[in-house]
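Heads up, the thing below is written out as structure tokens.
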Amino acid sequence: MAKIISDVVCPFCGTLCDDLEVKVSDDGKEILEVYNACVIGTEKFLHSQAEDRLKVPQMQDEEGNSKDVSVDDAVEYTAQMLCNAKKPLMYGWSSTNCEAQSVGHEIAELVGAVVDNTATVCHGTTLIALQDVGVPSCTLGEVKNRADRIVFWGCNPAHAHPRHMSRYSIFPRGFFTGKGHKARKMVVVDPRSTDTAKMADLHMQIEQGRDYELLSALRVAIRGNPLPETVAGIPRETIQDVAETLKSGRFVIIFFGMGVTQSLSKNHNIDIAISLTRDLNDYTKAAIMPMRGHYNVTGSGQVLGWQFGYPFCVDLSRGFARYNPGDSTSNDLLRRGEVDAVFVLGSDPGAHFPISSVKKIAHLPSVCVDPHFTPTSAVCKLHMPVAFVGVEEAGCAYRMDNVPIETRKVVDAPEGMLSDEEFLKRVLTRVKEIKGVA
Ligand code: SF4
């Protein structure tokens with residue numbers, strides 16, 4: 001008889017939903033149904049069952065033809081590549097557990113690598129802003145139970161974090177928000193009329209790239225000072241209306257995404273959004289939170305932070321940790337030709353980096369550790385298939401609000417398939433042998 005596994009954690013986005021139920025076959029080997037997840041989360045679980053899944057490592061020859069190799073060969077190639085490189089880049093880490101990240105960092109320290117995660121193309125600018133000015137934030141539980149003024153600035157949770165609004169931010173009835181969405185006012189700032197914007201009480205359809213000006217204008221309006229007729233395409237009256245709406249709330253939360261982190265002004269957009277949040281605390285309670293993307297990008301920053309003091313682009317090539325975004329960030333290093341080997345785990349830069357960087361990866365010794373065929377696995381010399389964390393392997397992950405949640409294993413990986421952590425441990429052992437350290 002099929003059995004239901006409950007309290008399963010979804011290993012896809014930073015919402016890290018922990019209320020999934022998964023129906024598995026009675027032998028515990030096959031996923032039959034996934035309940036409560038959104039369509040993206042469901043697909044992640046079902047994709048692990050794909051018939052055409054890669055089960056053995058693949059190595060490319062000079063002509064780019066792939067052939068099967070053993071796991072031992074994959075471990076040997078990876079260890080030799082990392083030890084022979086002067087400055088290898090070890091990139092990704094956002095779609096794996098904290099345990100694997102920690103082992104990866106130990107290897108990076110031994111071989112003098114640069115360790116960078118997907119924040120480098122996502123919320124890295126947010127991290128820079130937090131280091132500059134600090135942050136008044138909270139947990140998603142506080143949002144659910146208290147927030148009555150919700151701002152989504154440059155983000156589209158209806159598509160990117162599909163259950164965020166139903167679990168935490170708009171629809172749930174919390175301890176002090178018993179009327180659910182009826183008692184909340186929703187403000188969306190986006191140049192496009194997104195599906196999130198269509199649900200808003202107030203949509204500020206800002207001119208693209210002018211977020212800094214509009215954030216400044218809101219700070220002016222909150223203080224009751226005069227404004228020009230329009231700012232960033234938004235009429236003065238609308239800005240004043242939004243300012244009054246936020247001030248009149250009992251608890252304001254500002255969620256923001258890549259519309260501000262990766263547009264003009266970058267980290268300075270976040271500086272001023274944090275300053276706006278601080279200003280609002282003169283009138284009510286206000287907090288701000290980045291909509292972190294991958295389910296464990298936050299964990300990657302946490303583990304790097306505990307181990308080396310910095311949350312991304314950590315350069316260990318001189319034997320101690322250095323952090324300098326713009327210098328030690330993956331795309332800057334790749335485009336300047338400053339790394340001589342690339343190791344990717346838990347990410348797909350082949351699909352998401354600029355083509356100039358991908359071309360550089362294609363010409364370097366490279367390893368892609370990933371359960372899927374991806375554009376990255378297509379350009380890397382070695383593709384090492386592994387188990388799906390959160391589906392076939394348990395481990396710790398951090399939600400977008402820095403709350404750690406233990407993911408669950410629901411089925412076994414195909415026979416002989418290593419987890420990220422197991423593969424990295426084998427590489428670490430071999431690296432230690434090559435380096436002659438105990
Ligand atoms: S919202 Fe995110 S974490 Fe929740 S089920 Fe969907 S993809 Fe998974």
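Just so you know, ligand 1 is whichever comes first in the structure, and atom 1 is the first atom listed for that ligand. Any value given below was found using the heavy atoms of this structure, including those in side chains, with hydrogens, waters and symmetry copies removed. Source: prediction; values computed, not measured.
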(request) For the residue pair D420 and T96, confirm or rule out a side-chain donor-acceptor distance under 3.5 Å. (result) yes

(request) Quickly, which of L16, I405, N296 forms a side chain to side chain contact (heavy atoms under 4.5 Å, CB included) with Y398? Name it, please. (result) N296

(request) Using the test salt bridge (charged side-chain N to carboxylate O under 4.0 Å, His left out), find all partners of R210 that sit at least two apart in sequence or belong to another chain. (result) E207, E213

(request) Sum up the protein N, O or S atoms located under 2.8 Å from atom 8 (Fe) of ligand 1. (result) 1

(request) Kindly say whether the aromatic ring centers of F152 and F255 come within a distance under 6.0 Å. (result) yes

(message) For the residue pair N97 / E421, report whether a side-chain donor-acceptor contact shorter than 3.5 Å exists.
(response) no

(message) Looking at every heavy atom in both G301 and N117, which two are closest together, and how far apart are they?
(response) N-ND2, 3.8 Å

